[in-house]
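Shown next, in structure tokens, is the structure this report addresses.
Within every chain, numbering begins at 1; the chains are lettered A, B, ... in the order of the sequence lines, protein sequences first and strands thereafter.
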Number of protein chains: 2
Amino acid sequence: MAPPDEQLPPKAATERVSAATVGRLPEYLRALMELAANDEASVSSDGLSVLTNVNSATVRRDLATLDITGTRGLGYDVKYVVHEISLVLGLSQEWAVVIVGAGNLGRALANYQGFASRGFPVRAIVDIDPSLVGTTMGDQVVSHLDDLETIVDGKDVSVAVIATPAANAQAVADRLVDAGLSSILNFTATPVVVPAHVQVRQVDLATELQILSFYHQRTSAAVGGTGVPLVDRSTGSGT
Amino acid sequence: MAPPDEQLPPKAATERVSAATVGRLPEYLRALMELAANDEASVSSDGLSVLTNVNSATVRRDLATLDITGTRGLGYDVKYVVHEISLVLGLSQEWAVVIVGAGNLGRALANYQGFASRGFPVRAIVDIDPSLVGTTMGDQVVSHLDDLETIVDGKDVSVAVIATPAANAQAVADRLVDAGLSSILNFTATPVVVPAHVQVRQVDLATELQILSFYHQRTSAAVGGTGVPLVDRSTGSGT
DNA sequence: TTCTGTGAAATAGTTCACAGCG
DNA sequence: CGCTGTGAACTATTTCACAGAA
């Protein structure tokens, strides 16, 4: 263990976690849950490295940052790490989700089981279009956007997903903030501006395709010509 | 156009572009198209900085990396930069997309207009489930996965989207590669392994929520309590 | 021996600050 | 002037490499 220092405040490890590390936590978690499902009791940083494609030193440093310790000579206790990472990510409880926008994308997301199965049950869907309000979607009845506040309070919703046309994104975000929500996942291409205490994540599906397109081009352009070039899987077999 | 140089090594600017820069290009593009739609002829790096929330020095450096030049005292020519970035991202042509998996997510994506409108028309949807094959979805009839190769060749498809259950992701990816595709967008939580010449992008929607959850927690934990916001609803007396 | 935990080196990416062009 | 283009400083992140615990 690291030499403890009695003078320092307890541990707000969370404070020191870099964005890069946070981005890897869900990956670790996925790999670890797979291991757990396979009844693996422990795993080395090398093992996790292979499963996640993250350098093993990075794995160790990430975990150490979270004060997650392993056993020298053995590795990390799978269940323990799952528990700790879940805690750090705030996954020890469910977070109810409201989807705003019952158009194609909203409908898609409402039916998508992947949210609920990962601890984010969709508890409401809202839209402004009166012809959609009252229709059933997934296992929810579409409500009117105006009822947002009631829904948020009544169903303990804490996360909103924006799936409206891009032009409405900002207006929707404003209403979400007014309704007291402070976590927003925006699937619109338009970034929204929110107060500092509100978290937003921008995910644009077409952007992903554009980036893919870039790398596709670059790869095609890089003609080596010698049969099968470059097999790059960074598993550091160093010295 | 940049001055062609017959003597120097071909020096494609593309080679030197960092991943960080690539990630910002779609953002620049979006902002620039907005400007273009507004008949703005030119924009300064400061202007773009405001629109994209990227430091202006970073904007200038990114563009300079792509050999995109501006005019001192004036700024960048909007149309010219749109053209150049589109070129770099490979967006001067359309890329036809095949969606694999006609379940909830696949259906959602098939109906989503955001792909086509950004230059990625969905030209086919395939599944293995015989009861889905032949049904209509979006403006496509669902085909069988076995016909993939024919479809890819016949419709000039170059990008695949995996929207199957996670357990099938790797098998699907293998078939996609066999069919000659080299750009894959994987919406499954399971990462897939592919040959080096194939580009994959992993986008897991639940992961986005997990990351959001982390920042939500961190923000709530950092209670300053001075006056304004702070939603108390989410305080952990959970389900 | 195996594998963690971590200084220290190496890389990557961002931002400042300013010379100099239009 | 205003604004680009870029050396140089700075900050962040990754990776090496190894002492030492189990």
Which pairs, protein N/O on one side and nucleotides 19-22 of chain D N/O on the other, fall under 3.5 Å?
residue : atom : partner : partner atom : Å
D:dG20  : N2   : A:R72   : NH1          : 3.2
D:dG20  : N3   : A:R72   : NH1          : 3.3
D:dA22  : O4'  : A:R72   : O            : 3.3

Rounded to whole angstrom units, what separation is found between the CG atom of B:D67 and the P atom of D:dT4? 17 Å
Between CZ on residue A:R24 and OG1 on residue A:T52, distance to nearest 0.5 Å: 9.0 Å
Atom CD1 of A:I68 to atom P of C:dT6: distance rounded to whole Å? 14 Å
In this structure, which one of A:D62, A:T58, A:T65 forms a side-chain hydrogen bond (donor to acceptor under 3.5 Å, both in side chains) with A:T21? A:D62
Looking only at side chains, do B:E34 and B:N38 share a donor and an acceptor under 3.5 Å apart? no
Using a cut-off of less than 4.0 Å, is there contact between a side-chain N or O of A:Y76 and OP1 or OP2 of C:dG5? yes
Could you identify which residues of residues 42-61 of chain B place a heavy atom less than 4.0 Å from some atom of DNA chain C, listed by residue number, or say none? B:N55, B:A57, B:T58, B:R60, B:R61
Between B:L105, B:T190, B:I99, B:V172, which is the residue that forms a side-chain contact (heavy atoms from CB on, under 4.5 Å) with B:I162? B:V172
Please assess A:T219 against B:Q199 for the test side chain to side chain donor-acceptor pair (under 3.5 Å), listing each intermediate value before the final yes or no. CA-CA 8 Å; A:T219 306; B:Q199 296 300 328; 2.5 Å; yes
Whole Å only: how far is the CG atom of B:L66 from the C1' atom of D:dT4? 15 Å
Taking atom C1' of C:dT4 as reference, at what distance in whole Å does atom CG of A:D77 sit? 15 Å
Scan side-chain atoms only and decide if A:S183 and B:H216 contain a donor-acceptor pair under the 3.5 Å cut-off. yes
Evaluate the side-chain proximity of A:T207 to B:R118: yes if any heavy-atom separation is below 4.5 Å, no if none is. yes
Please give, in whole Å, the distance from D:dT4 C1' to B:D62 CG? 14 Å
A:D174 atom CG: more than 12 heavy-atom contacts under 6.0 Å: yes
For atom CZ of B:R16 and atom C1' of C:dG13, their distance in whole Å: 16 Å
Do B:D77 and B:S42 get their side chains close enough for a donor-acceptor pair, meaning under 3.5 Å? no
Rounded to the Å, how far apart are B:L63 CG and C:dT14 P? 14 Å
Within residues 20-27 of chain B, those residues having any heavy atom closer than 4.0 Å to DNA chain C are B:A20, B:R24
Any donor-acceptor pair under 3.5 Å linking the side-chain atoms of A:S45 with those of A:R60? yes
Could you tell me whether the side chain of B:Y215 reaches within less than 4.5 Å of the side chain of A:V22, counting heavy atoms only? yes
